Amino acid sequence: MQDIIYMAEALKQAQRAFENNEVPIGCVIVHKGRIIARAHNQVETLKDPTAHAEMIAITQAASAIGSKWLQGVSVYVTIEPCQMCAGALVLARIKRLIYGADDLKTGAFGSVCDILKSKNLNHSFKVTRGISCQESSFIISEFFKKKRQP
C-alpha cells in the first residue's frame, strides 16, 4: 500500500517532466516514512545528459540527510533505472529500489543488464519491480507517441 502511495508521487513528477517536454520519468526518495526528495528528468532543460530524475533526487536526498550515504532510504522511480543511475544508487548505499515499468533499452536491473549481479560490488539492495507499472508505461508511451506526431 505504501509503495503505491509513494509511486503516485513519483508519477506526479513524471507528469511534470512530460509537461516540460522531458522524457517523463519521476523519482521520490523516502526516509523514515517521509519524502525527502522529489525530481523529474531535466536533461533538455539543463542541457545535461546526467540530469536524470534519480540523479537529481539523490543529490537532494544527500543534502536533506547531510550525508553521502543514503542508508535506510527507499527510492521510487517510474521506470527501471539506467546504468548511470544504477551505479549512483549503489554508491549511495540505498536500502531499497522500487520501480514501475521495465526499460528494455537501458534498464540496469534485469532488462539490459543487472548491476546487482556484478562481482565484488560493495553494496546491494532489495529491488521491487512493477509497482504502478501500467501508469508508468502509459505516460512514457504517450510522450513518445506525441513526439512522433507530425
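Given the structure is predicted, the values throughout are model-derived calculations rather than measurements.
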Is a side-chain N or O of [X] found less than 3.5 angstrom from the main chain of [Y], in a donor-acceptor match?
{"X": "Asp114", "Y": "Leu116", "result": "yes"}
{"X": "Ser137", "Y": "Gln134", "result": "no"}
{"X": "Asp48", "Y": "Thr50", "result": "yes"}
{"X": "Glu80", "Y": "Gly110", "result": "yes"}
{"X": "Ser136", "Y": "Gly100", "result": "no"}

Nearest heavy atoms of [X] and [Y], plus distance in Å:
{"X": "Asn21", "Y": "Glu44", "answer": "O-CG, 4.1 Å"}
{"X": "Ser132", "Y": "Leu11", "answer": "CB-CD1, 4.0 Å"}
{"X": "Ile115", "Y": "Ser118", "answer": "O-OG, 2.9 Å"}

Do [X] and [Y] share a hydrophobic cluster, counting only Ile, Leu, Val, Met, Phe, Trp and Tyr and linking them when any side-chain heavy atoms are less than 4.5 Å apart?
{"X": "Val90", "Y": "Ile79", "result": "yes"}
{"X": "Leu104", "Y": "Met84", "result": "no"}
{"X": "Met7", "Y": "Val77", "result": "no"}
{"X": "Ile94", "Y": "Val127", "result": "yes"}
{"X": "Tyr76", "Y": "Phe125", "result": "no"}

How long is the span from the [atom1] atom in [X] to the [atom2] atom in [Y], to the nearest 0.5 Å?
{"X": "Lys12", "Y": "Thr78", "atom1": "NZ", "atom2": "OG1", "answer": "14.5 Å"}
{"X": "Lys146", "Y": "Ser141", "atom1": "NZ", "atom2": "OG", "answer": "13.0 Å"}
{"X": "Asp103", "Y": "Ser111", "atom1": "CG", "atom2": "OG", "answer": "6.5 Å"}
{"X": "Lys68", "Y": "Ser63", "atom1": "NZ", "atom2": "OG", "answer": "15.5 Å"}
{"X": "Ile98", "Y": "Gln2", "atom1": "CD1", "atom2": "CD", "answer": "11.0 Å"}
{"X": "His123", "Y": "Lys95", "atom1": "NE2", "atom2": "NZ", "answer": "11.0 Å"}

| task | Might you work through the side chain to side chain contact (heavy atoms under 4.5 Å, CB included) test for Leu89 and Ile58, ending with a clear yes or no? | result | CA-CA 8 Å; Leu89 292 169; Ile58 287 168; 3.7 Å; yes

| message | Does this structure show an ion pair linking Lys145 with Glu142, if we count only N-O contacts that are shorter than 4.0 Å? | response |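 The answer is yes: the pair qualifies as a salt bridge.
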
| Trace of the side chain to side chain donor-acceptor pair (under 3.5 Å) decision for Thr106 with Gln83 | CA-CA 7 Å; Thr106 65; Gln83 293 89 341; 5.1 Å; no

| request: Decide side chain to side chain contact (heavy atoms under 4.5 Å, CB included) for Leu97 and Phe109; before the verdict, give the C-alpha distance in whole Å, the side-chain angles of both, and the deciding distance to 0.1 Å. | output: CA-CA 10 Å; Leu97 168 67; Phe109 290 93; 3.6 Å; yes

With a 3.5 Å cut-off and sequence neighbours excluded, list the donor-acceptor pairs that the side chains of residues 23-43 form with protein atoms.
residue: Arg38; atom: NH1; partner: Glu9; partner atom: OE1; Å: 2.7
residue: His40; atom: ND1; partner: Gln13; partner atom: OE1; Å: 3.3
residue: Asn41; atom: OD1; partner: Ala53; partner atom: N; Å: 2.8
residue: Asn41; atom: ND2; partner: Val23; partner atom: O; Å: 3.3

| What class does the angle between the rings of Phe18 and Phe143 fall in, given that below 30° is parallel, 30 to 60° is tilted and above 60° is perpendicular? |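 The rings of Phe18 and Phe143 stand perpendicular, inter-plane angle above 60°.
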
